[in-house]
Amino acid sequence: MSMLVLLILFLMFWLFVKFTGIMLKICYVLCVGIPLALMFIMIGVILCCTLLLAPLGTSLMRLAGRIVYPF
C-alpha cells in the first residue's frame, strides 16, 4: 500500500513539474519571443532594403526564428 502511495505521489510530482515547464515555455514565447522576433524582423527588413547591409538583414531574420522557439 505504501508503495502505491509513493508511486502516486511521484507521478503527481512529475506531472506538476512537466506542467510548470510547459507553462513557462508558453509564457516565454508569448511575452519575450514573439515581440523580440517581430522587432528583429522589422530591423531585418529595413536592412535588406540597403545593398550593403542585406546579409546582416537576412541573418537577423534567421535569428528571429530561433528566438521565438529556442527549445
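Position 1 is the first residue of the sequence; numbering continues from there.
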Student: Measuring from T58:OG1 to L47:CG, what's the distance to the nearest 0.5 Å?
Tutor: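 Reported value, rounded in 0.5 Å steps: 9.5 Å.
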Student: Give the minimum heavy-atom separation between F40 and L63, together with the two atoms involved.
Tutor: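 Taking F40 first and L63 second, the nearest heavy atoms are CE2-CD2, 3.5 Å.
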Student: Taking W14 as the starting point, is it possible to reach V5 by hopping between hydrophobic residues whose side chains are less than 4.5 Å apart?
Tutor: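 Result: no, two separate clusters.
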Student: Check the hydrophobic clustering (I, L, V, M, F, W, Y; side-chain heavy atoms under 4.5 Å; chains of links allowed) and say if I43 and I46 are grouped together.
Tutor: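 In one cluster with I43: I46, no.
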Student: Report yes or no: do L60 and L38 belong to one cluster of Ile/Leu/Val/Met/Phe/Trp/Tyr joined by side chain heavy-atom distances under 4.5 Å?
Tutor: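 Per the 4.5 Å side-chain linkage, L60 and L38 are co-clustered.
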Student: Which pair of heavy atoms, one from M61 and one from C48, lies closest together, and at what distance?
Tutor: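 Of all heavy-atom pairs spanning M61 and C48, the closest is CE-SG, 3.7 Å.
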Student: Which Ile, Leu, Val, Met, Phe, Trp or Tyr residues join L4 in one cluster when any pair of side-chain heavy atoms under 4.5 Å counts as a link?
Tutor: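 Besides L4, the cluster holds I8, M12, F16.
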Student: Name the one of L15, L9, V17 that satisfies side-chain contact (heavy atoms from CB on, under 4.5 Å) with F13?
Tutor: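 So the option named by the test is V17.
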Student: How close do Y28 and I67 get, heavy atom to heavy atom, and via which atoms?
Tutor: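 The answer is OH-O, 3.1 Å.
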Student: To the nearest 0.5 Å, what is the distance between CG (L36) and CD1 (I41)?
Tutor: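 Here the interatomic distance stands at 10.5 Å.
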Student: Do the non-hydrogen side-chain atoms of T50 and L53 ever get within less than 4.5 Å of each other?
Tutor: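 Yes, side chains in contact.
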Student: Any chance you could pull the hydrophobic cluster mates of L52, using side-chain heavy atoms under 4.5 angstrom and chaining through other members?
Tutor: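 Reading the cluster by chain and number, L52 sits alone, since nothing else belongs.
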